[in-house]
Amino acid sequence: MLLGQGKEPTMTTETSIQQAIEAFRGAIRGIVITPEQAGYDDARAVHDFSHDRRPTAIVQPMTTEDVAEAVRFARSEGLPLAVKGGGHSLAGHSTAEAALVIDLTQMRAVTIDTEGARALVQGGATSADLAGPAAANGFALSTGDTATVGLGGLVTGGGIGWMARKQGLTIDHLRAVRMVTASGEVVRASANERPDLFWAVRGGGGNFGIVTEFEFDLPRVELVHGGVVMLPATREVVRGYLEYAPRATEELTTIAMIMAAPPAPFVPESLVGTLVLAVAVCVSDPAVAEEALAPIRALATPLVDFVGTMPYPGMFALTEVPAMRHGAAIRSVFADAIADETIDAMIAQMQRSSSPFNQVQLRGLGGAIARVEPGATAFSHRDARYLVAVIGMWLDPTDPGTPHRQWVQELWPAVAKDGRGVYANFLEDEGETRRRSAYSAEAYRRLQSVKQVYDPENVFRLNQNIAPVR
Ligand SMILES: Cc1cc2nc3c(=O)[nH]c(=O)nc-3n(C[C@H](O)[C@H](O)[C@H](O)COP(=O)(O)OP(=O)(O)OC[C@H]3O[C@@H](n4cnc5c(N)ncnc54)[C@H](O)[C@@H]3O)c2cc1C
């Protein structure tokens, strides 16, 4: 009998799984943490505290061979397999009840090749793990907006970061991966080696195996000009932002948030709690910053204008709140146009926000993202002008989150009607139609056939799952 398949464990199976875990412990360099051990609660925690689950065991591998051994162990014991990179999956896919979690937290090394402008990054590294050493050598790769987000999930889903309009998606700088496949084999994939797998892993998520090492090329970026411009949250200001953001110079990437002004040091006390459009900006060439930001500053007299030149990792200061463990509810969509009534609905819903941390997030896309051929990678929605996300967020772990989830659901139909397609990395567990809408019909079929080759038994299914098809 297999554990994790809904049957009652018997004494015999309990004993045999314990024996198997002991043997597995002895076979790897990394550690295996089980429920009776100190450290289990820390090890099973993921970023969103509402995904509070109790795996059978958590393995923290030290090497690619450990990862391969862990995959073979989970299969031989019939344990469902969850893979944890940075633990930020919005659906909580990096943990599961009665499963083996392969937690890559000990595999976060980053090696910078300054001459070759390349980085070798282990599969458990976060955005901050890469950004610091890269900046110290005069490079910056656009990954996500938050320091703690894992590159394991972010990159395999695409990666829409602070310099996305200049650099494209993170996958557009991925040159090769080392992976452990469902059979426990270690393989390399690049444009020349297993090109089908390399295509699929650039947008198809964790469906095809566990990436233990990414190889990126690194764009040279000395300093960026970044910060936040807060404007009154009116329909005209939001409309002005939407018109400018996707057609600004590619040096400028923005993330705008309709939100309550936070109690940050740079926000005057009298403004805290007021509804604003907070436009977080990142200009990858400080020399063009004034010109690039002028149209945003012209939308209305800024309530806050806190922008300056800094090394790229300084951008993460803007997302210190989401970098804390929290509970979140999210609905998101790509869009090409957003109607006035939708903007009005966003502002009205924000006026009755269930939490001070809720926001409607608007990202202007285009630029280098859209210049890559649509079929070149599995990520399908390169031509979208906007990414829109309705985000409910709470910081109190005892809050069950119900009012915030409901708050998101109330606004969602109005936002969804303007959209088409979704970013796989911004999905919760929302069902097959939504999951498929992350891809074009052609890309989805191709992903299914690559899945059939590399994971025909769907071992890697705790993810935005793409079922194998013959
Ligand atoms: C606060 C916050 C901010 C975010 N900001 C951005 C942003 O600016 N841009 C953006 O593009 N996305 C952003 N995201 C979304 C983010 O990209 C996804 O949540 C992503 O899946 C997180 O990756 P992770 O490794 O931290 O998550 P995990 O929960 O560890 O993993 C997520 C999925 O990826 C799989 N996976 C993890 N590691 C590997 C690996 N090494 N090999 C194969 N599969 C793996 C897991 O099995 C799981 O299915 C944000 C999310 C949060 C919570």
Side-chain angles (χ1 to χ4, degrees), residues 117 119 127-128 130-132 134-147 154 158-174 216-231 237-238 240-257 277-300 302 304-319 334 336 361-373 379 381-387 423:
S127 284
L130 171 60
N137 289 281
F139 300 107
L141 179 63
S142 178
T143 57
D145 63 4
T146 305
L154 179 125
I160 305 178
W162 280 123
M163 292 179 288
R165 299 189 66 258
K166 173 71 177 173
Q167 296 186 2
L169 303 172
T170 312
I171 48 172
D172 298 334
H173 296 269
L174 186 61
F216 297 108
D217 66 40
L218 290 177
R220 196 156 270 294
V221 177
E222 292 298 339
L223 294 170
V224 299
H225 199 75
V228 63
V229 179
M230 289 188 188
L231 303 162
V237 167
V238 175
Y241 166 77
L242 291 172
E243 274 170 19
Y244 181 59
R247 59 178 183 79
T249 168
E250 290 182 9
E251 302 292 344
L252 174 63
T253 299
T254 55
I255 304 177
M257 292 149 279
L277 182 73
V279 187
V281 300
C282 181
V283 189
S284 46
D285 176 3
V288 303
E290 289 309 310
E291 199 185 329
L293 298 181
I296 293 174
R297 291 174 168 143
L299 292 173
V304 168
D305 195 334
F306 184 73
V307 185
T309 299
M310 59 180 129
Y312 173 75
M315 291 303 300
F316 296 139
L318 294 178
T319 46
F334 285 115
D336 298 319
Q361 190 180 93
L362 306 160
R363 296 189 187 213
L365 304 176
I369 304 171
R371 274 206 307 278
V372 174
E373 275 296 299
F379 183 97
H381 296 292
R382 289 182 177 274
D383 57 341
R385 281 162 64 82
Y386 309 110
L387 174 57
Y423 177 31

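The shortest distance between side-chain heavy atoms of Arg385 and Arg247 does not fall below 4.5 Å. The shortest distance between side-chain heavy atoms of Ile171 and His173 does not fall below 4.5 Å. Put simply, the side chain of Ile296 reaches to within 4.5 Å of the side chain of Leu252, judged on heavy atoms. Put simply, the side chain of Met230 does not reach to within 4.5 Å of the side chain of Val279, judged on heavy atoms. Looking at heavy atoms from C-beta onward, His381 lies out of side-chain contact with Leu387 at the 4.5 angstrom threshold. Side-chain contact between Leu130 and Leu141: present, with at least one pair of heavy atoms (C-beta onward) separated by less than 4.5 Å. Between Ile369 and Val372, the closest side-chain pair of non-hydrogen atoms is not below 4.5 Å.
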For this session: Begin from the C-alpha positions of Glu373 and Arg382 and carry the test side-chain contact (heavy atoms from CB on, under 4.5 Å) through to its verdict.
Result: CA-CA 8 Å; Glu373 275 296 299; Arg382 289 182 177 274; over 6 Å; no

For this session: Carefully, step by step, assess Leu231 and Tyr241 under the rule side-chain contact (heavy atoms from CB on, under 4.5 Å).
Result: CA-CA 10 Å; Leu231 303 162; Tyr241 166 77; over 6 Å; no

For this session: Report the C-alpha distance between Leu169 and Ile160 in whole Å, list the side-chain angles of each, state the deciding distance to 0.1 Å, and finish with yes or no for side-chain contact (heavy atoms from CB on, under 4.5 Å).
Result: CA-CA 5 Å; Leu169 303 172; Ile160 305 178; 3.7 Å; yes

For this session: List the steps and the verdict of salt bridge (charged side-chain N to carboxylate O under 4.0 Å, His left out) for Glu290 and Arg297.
Result: CA-CA 10 Å; Glu290 289 309 310; Arg297 291 174 168 143; 3.1 Å; yes

Problem set entry | Trace of the side-chain contact (heavy atoms from CB on, under 4.5 Å) decision for Val288 with Val283 | CA-CA 8 Å; Val288 303; Val283 189; 3.9 Å; yes

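In this structure, Tyr423 OH and Arg363 CZ are separated by 8.0 Å, a value rounded to the nearest 0.5 Å. To the nearest 0.5 Å, atom SG of residue Cys282 and atom CE of residue Met163 are 5.5 Å apart.
Of all heavy-atom pairs spanning Ser142 and Ala164, the tightest one is OG-N, 3.3 Å. Closest heavy-atom contact between Gly168 and Ala368: N-CB, 3.4 Å. The shortest non-hydrogen separation linking Thr146 to Ser127 is O-CB, 3.7 Å. Taking each heavy atom of Pro219 and Asp217 in turn, the nearest pair found is CD-O, 3.6 Å. Counting all heavy atoms, side chain and backbone alike, Leu223 lies closest to Pro286 at O-CD, 3.3 Å. Shown here for Phe316 and Gly144, the closest heavy-atom pair between the two residues is CE2-O, 3.7 Å.
A salt bridge is defined here as a Lys NZ or Arg NE, NH1 or NH2 lying under 4.0 Å from an Asp or Glu carboxylate O, and Lys166 with Glu250 fails to meet this definition.
Here the side chain of Arg165 pairs a donor or acceptor atom with the backbone of Pro246 at under 3.5 angstrom. Checked by atom type and distance alone, the side chain of Thr319 pairs as donor or acceptor with a backbone atom of Asp145 at under 3.5 Å. The backbone N or O of Ala140 sits less than 3.5 Å from a side-chain atom of Gln167, completing a donor-acceptor pair. At least one donor-acceptor pair under 3.5 Å links the side chain of Asp285 to the backbone N or O of Ala287.
Considering Thr254, Thr253, Leu318 as possible partners of Trp162, the one that fulfils the side chain to side chain contact (heavy atoms under 4.5 Å, CB included) test is Leu318.
Residues forming a side-chain contact (heavy atoms from CB on, under 4.5 Å) with Leu242 (at least two apart in sequence, or on another chain): Val238, Arg239, Ile338, Ile343, Leu362, Tyr386. Under the side-chain contact (heavy atoms from CB on, under 4.5 Å) criterion, Asp383 pairs with Arg420, sequence neighbours left out.
Classification of the Phe334-Phe379 ring pair by plane angle, with boundaries at 30° and 60°, yields perpendicular.
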